[in-house]
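Everything below concerns the one structure shown next.
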Amino acid sequence: MTPAELASVVLAAAHAVFEQRGLDRAALPASTVVERPRNPEHGDYASTLALQLSKKVGVPPRELATALADELGRAAGVKSVDIAGPGFLNIRLDAAAAGQLARVIVETGAEYGRSDRLAGEKINLEFVSANPTGPVHIGGVRWAAVGDALSRLLRATGADVGTEYYFNDAGSQIDRFARSLLAAAKGEAAPEDGYGGAYIAEIAAEVQARRPEVRSLDDDAAQEVFRVEGVALMFDEIRTSLRDFGVEFDTYFNEKDLHDRGELDLALARLRQQGHLYESEGATWLRTTDFGDDKDRVLRKSNGEWTYFAADCAYYLDKRERGFERVVIMLGADHHGYIGRMKAMSACFGDDPERNLEILIGQLVNLLRDGAPMRMSKRAGTVITLEDLVEAIGVDASRYALARYSSDSPIDIDIELWTKAKNDNPVYKVQYVAARTAGVARNAAEVGLVRGDADAFRPELLDHEKENTLLKALAQFPAVVATAAELREPHRVARYLEEDIAPSYHRFYDDCRVLPRGDEEITDLHRARLWLNDATRTVVANGLFLLGVSAPERM
RNA sequence: GCGCCCGUAGCUCAGCGGAUAGAGCAGGGGACUUCUAAUCCCAAGGCCGCAGGUUCGAAUCCUGCCGGGCGCACCA
């Protein structure tokens, strides 16, 4: 029995009790959940339904709990129900009912953990969105890992997801980039406001190799060649490194398209129609202060040029017009000042900024070498890039390290820790479970131990304490996935794997031998434990997949 | 000054209103003729920054304060 099934049983019992006592069934919730108590003495699962309902229907919680316990105790698969404290229901399951979960998980396979919780939601996820003026730096990499994991989570819960990378290949930053390339090609120092770093010289050289005639052009013409070719090379490099990182986007959206299609004018017209525009000092302003922003924002400058924010408005409108009910944008902490104006802009379009626009802010990332942060400077060209990180600790460790922390928490990635082949390296800790379960399955096959027909599976034999604990941990997976998706917090999956699944599996492994020893006969218990081993393998593999991390067969 | 984030064990961090607040690491003590010891077991470690409030119940929600990080452009 899964927790979701048990929750339904609890709710059904509540309906029965309410009917018997003539209570108002409208007070009952549409659904309920059972919790897994920390303390095993409090049963396999606990329900707080009696506590929640007692005030609504004016029945003391203990009395309600007693009635619920009587009813629930008669349900199939329920071994016992105790009442504790103010009115907790502590429920124990039959070993057979609990053990069946191993079979459910194995048979569900890669689908285990998926749900339709977010079915019908159309969600746009924008992340990384670095302009092609340099390699993806470590802050962008955080979002590559978290954003990609989030897209997997949202899809696993049934949402219709579109991932998106927004870039601009025409702005003044690109001009600086082009001037920097030109300067490098001429052997000059980078311009005052330009970009430094070895990659500039490399790209300048590559452009010259592709377009040798650039040497004979005047500066203006040459700069244009460097701009066009340099941006193409840079963007190509970004896409390649992201692909090597396991991240590809459904849409690569170019700001230029918004301009070419006249979408900025459209957005402006729409905002004017909503009555939030005004002219002042020759510029066109959006009255974002109507919706809580610190100050109003310029859309079109007095010189007739659009602001970057105007393009943001058009881009938001574009996403909404493409049918995305929820527009999610992931930004670094240094951009948190954008939240106010973006939310206000959404409201100016007549949207509900709480529902239609989510802005996720990620705190900064440091890379630690020998315990000291490697400081970044864009001017000096000492940015830490995606390649630097991957080169230092590898793709799996990078993705795991970036995805295992709450986005609200700044991250220090210690190179020494994340390259250790030890249990204090979290990614090894989790991958080791994947490898160990795979190893047990291999060894089982070698000695002729196979799970056999599902009909022959004897779930009631999984009654060891460590087996029970592992089963309960495995049972949590769908709830963990659903919560992580709803809260946009992929780190919950990582923490679950390393703090819940890994320890419970190792304890099971230590106390409950799966394989027969020597020429010991193969019994139903061996087979039942193999079901449990393979169920664990399934959950770890599914969980790591959601994080974009491999589940190795051996290590 | 205003805004956002953070403050939980020595360190790094979990903890979407529930019971005695958890994990890993570090430090102490144990377990390898055994399916991967990359593991496990035992012990130790806490005014959940402070003060109020809401609640049957608060680390969690609200208010104020203290401390730290970041941000406050007709830049991109």
Side-chain angles (χ1 to χ4, degrees), chain A residues 35 37-39 41-42 46 48 51-52 54-55 60-61 84-88 90 131 133 168 170-176 193 255 280-285 292-295 297-303 305-311 332-340 359 361-364 404-412 414 417 420-426 428-429 431-433 435-444 446-447 449 483-484 486-487 489 491-492 494-496 498-500 502-503 505-507 509-518 526 529-530 533 554-555:
Chain A
E35 294 166 7
R38 287 233 172 253
N39 187 339
E41 285 173 19
H42 294 149
T48 57
L51 291 170
Q52 293 161 28
S54 80
K55 196 188 280 180
F88 292 102
N90 293 338
N131 276 344
T133 57
N168 170 326
S172 66
Q173 283 192 90
I174 300 285
D175 289 340
R176 287 185 217 160
D193 59 352
E255 181 188 339
S280 174
E281 302 166 56
T284 304
W285 298 69
D293 195 13
D294 301 343
K295 59 190 78 163
R297 305 291 169 174
V298 172
L299 294 183
R300 204 202 301 255
K301 305 182 204 174
S302 51
N303 65 7
E305 288 177 15
W306 294 104
T307 60
Y308 190 85
F309 183 61
D334 52 340
H335 285 74
H336 80 251
Y338 281 44
I339 296 175
I359 298 179
I361 296 296
Q363 299 299 316
L364 304 180
R404 84 183 277 270
Y405 296 93
S406 155
S407 294
D408 288 337
S409 170
I411 306 180
D412 288 327
D414 187 324
L417 171 69
K420 256 197 243 181
K422 276 209 180 146
N423 59 337
D424 49 330
N425 178 343
Y428 272 79
K429 183 191 173 86
Q431 287 186 312
Y432 179 59
V433 178
R436 208 175 204 190
T437 51
V440 168
R442 270 196 308 275
N443 295 338
E446 267 177 35
V447 300
L449 168 59
T483 303
E486 282 172 351
L487 298 180
E489 294 185 346
H491 76 274
R492 286 168 184 275
R495 298 295 177 153
Y496 162 76
E498 64 186 80
E499 290 172 8
D500 216 350
Y505 178 74
H506 291 313
R507 285 166 194 162
Y509 178 94
D510 264 21
D511 285 2
C512 305
R513 195 182 162 86
V514 177
L515 267 54
R517 294 168 192 270
H526 294 125
R529 285 177 171 168
L530 187 57
N533 177 78
R554 51 184 98 223
M555 291 169 75

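Values in this document were obtained by computation on a predicted structure and should not be read as measured data.
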Problem set entry | Close side-chain approach of F88(A) to T48(A), heavy-atom, < 4.5 Å | yes
Between the protein and nucleotides 56-60 of chain B, which nitrogen or oxygen pairs are less than 3.5 angstrom apart?
| from | atom 1 | to | atom 2 | distance (Å) |
| --- | --- | --- | --- | --- |
| C56(B) | OP1 | K55(A) | NZ | 2.8 |

Exercise. Is the phosphate of A38(B), meaning OP1 or OP2, less than 4.0 Å from a side-chain N or O of N425(A)?
Worked result: no
Exercise. When you check every protein heavy atom under 4.0 Å of nucleotides 8-17 of chain B, what one-letter string (B, S, -) results, 5' to 3'?
Worked result: -----SSSB-
Exercise. Taking OH from Y428(A) and P from C25(B), how many angstroms apart are they, rounded to a whole number?
Worked result: 17 Å
Exercise. What distance, rounded to whole Å, do you find between the two C1' atoms, one in G57(B) and one in G18(B)?
Worked result: 7 Å
Exercise. Under 5.5 Å between ring centres and under 30° between planes: true for F88(A) and the base of A19(B)?
Worked result: yes
Exercise. How long is the gap from CZ on R529(A) to CG on L449(A), to the nearest 0.5 Å?
Worked result: 11.5 Å
Seminar exercise, completed: Walking RNA chain B from its 5' end, the first of A46(A) and C512(A) to be reached, judged by nearest nucleotide, is A46(A)
Restricting to nitrogen or oxygen on both sides, can you table the protein-nucleotides 40-42 of chain B pairs closer than 3.5 Å?
| from | atom 1 | to | atom 2 | distance (Å) |
| --- | --- | --- | --- | --- |
| C40(B) | O4' | D510(A) | OD2 | 2.8 |
| C40(B) | O2' | D510(A) | OD2 | 3.0 |
| C41(B) | OP1 | R507(A) | NE | 2.5 |

For this session: Report the residue (S172(A) or I361(A)) whose heavy-atom-nearest nucleotide on RNA chain B is the more 5′ of the two.
Result: I361(A)
Problem set entry | Sub-4.5 Å side-chain heavy-atom contact between V514(A) and Y509(A) | no
For this session: For A59(B) and C47(B), measure between their C1' atoms and round to the nearest Å.
Result: 13 Å
Seminar exercise, completed: All heavy atoms of L51(A) vs all of G87(A), minimum pair found to be CD2-N, 4.0 Å
For this session: Name the closest nucleotide to the Y432(A) side chain, picking from C35(B), A19(B), U36(B).
Result: U36(B)
Exercise. Is the shortest heavy-atom distance from the side chain of Y405(A) to the side chain of R495(A) under 4.5 Å?
Worked result: yes
Exercise. Atom CD of Q431(A) to atom P of U36(B): distance rounded to whole Å?
Worked result: 18 Å
Seminar exercise, completed: When every non-hydrogen atom of A283(A) is compared with those of S302(A), the smallest separation belongs to CB-N, 3.9 Å
Problem set entry | C5(B) and U60(B), which share atom name P, separated by this distance in whole Å | 16 Å
Problem set entry | Nearest-angstrom distance, P atom, G22(B) to G1(B) | 40 Å
Exercise. Rounded to the nearest 0.5 Å, how far does CG of D334(A) lie from CG of L364(A)?
Worked result: 6.0 Å
Problem set entry | Minimum heavy-atom distance between T307(A) and K301(A), given as atom pair plus value | CG2-CG, 3.8 Å
Seminar exercise, completed: When rounded to whole Å, the CD1 to P distance for the pair I339(A) and C2(B) reads 19 Å
Exercise. In Å and rounded to the nearest 0.5 Å, what is the CG to CD distance from L299(A) to E305(A)?
Worked result: 14.0 Å
Exercise. So what does G85(A) hit on the nucleic acid, given a heavy-atom distance under 4.0 Å: a base, only sugar-phosphate, or nothing?
Worked result: nothing
For this session: Taking all non-hydrogen atoms of both residues into account, name the closest pair between I361(A) and A333(A) and its distance.
Result: CG2-CA, 3.6 Å
Problem set entry | Under 4.0 Å protein heavy-atom contact, by nucleotide of nucleotides 67-74 of chain B - B base, S sugar-phosphate only | ---BSSSB
For this session: Please measure how far the C1' atom in A9(B) lies from the corresponding atom in G52(B), and state the result in whole Å.
Result: 27 Å
Exercise. When all nucleic acid strands are considered with a 4.0 Å heavy-atom cut-off, which category describes A84(A): base, sugar-phosphate, or nothing?
Worked result: base
Exercise. Taking atom P in both U63(B) and C6(B), what distance in whole Å separates the two?
Worked result: 14 Å
For this session: Return the stacking result for C35(B) and Y509(A): yes when the ring centres lie under 5.5 Å apart and the planes under 30°, no otherwise.
Result: yes
Problem set entry | P atoms of A58(B) and A51(B), separation to the nearest Å | 15 Å
Exercise. When rounded to the nearest 0.5 angstrom, what is the spacing between CZ in R492(A) and CG in L487(A)?
Worked result: 5.0 Å
Exercise. In whole Å, what separates the C1' atom of C40(B) from that of G3(B)?
Worked result: 49 Å
For this session: Give N90(A) one of three labels, base, sugar-phosphate or nothing, depending on what nucleic acid heavy atoms sit under 4.0 Å from its own.
Result: base
Problem set entry | Results of side chain to side chain donor-acceptor pair (under 3.5 Å) for H526(A) - residues two or more places apart only | T523(A)
For this session: Work out which heavy atom in N533(A) is nearest to a heavy atom in T437(A); give both atom names and the distance.
Result: ND2-O, 3.0 Å
Seminar exercise, completed: E498(A) and R404(A) have their tightest heavy-atom pair at OE2-NH2, 2.6 Å
Seminar exercise, completed: CD of E255(A) to CG of N168(A), rounded to nearest 0.5 Å, is 4.0 Å
Problem set entry | Gap separating the NZ atom of K429(A) from the NE2 atom of H506(A), nearest 0.5 angstrom | 6.5 Å
For this session: State the dot-bracket string of RNA chain B. Criteria: Watson-Crick or G-U wobble, both atom distances under 3.5 angstrom; notation: ( ) intrastrand, [ ] crossing earlier pairs, | interstrand, . unpaired.
Result: (((((((..((((....[...))))..((((.......))))......(((((..]....))))))))))))....
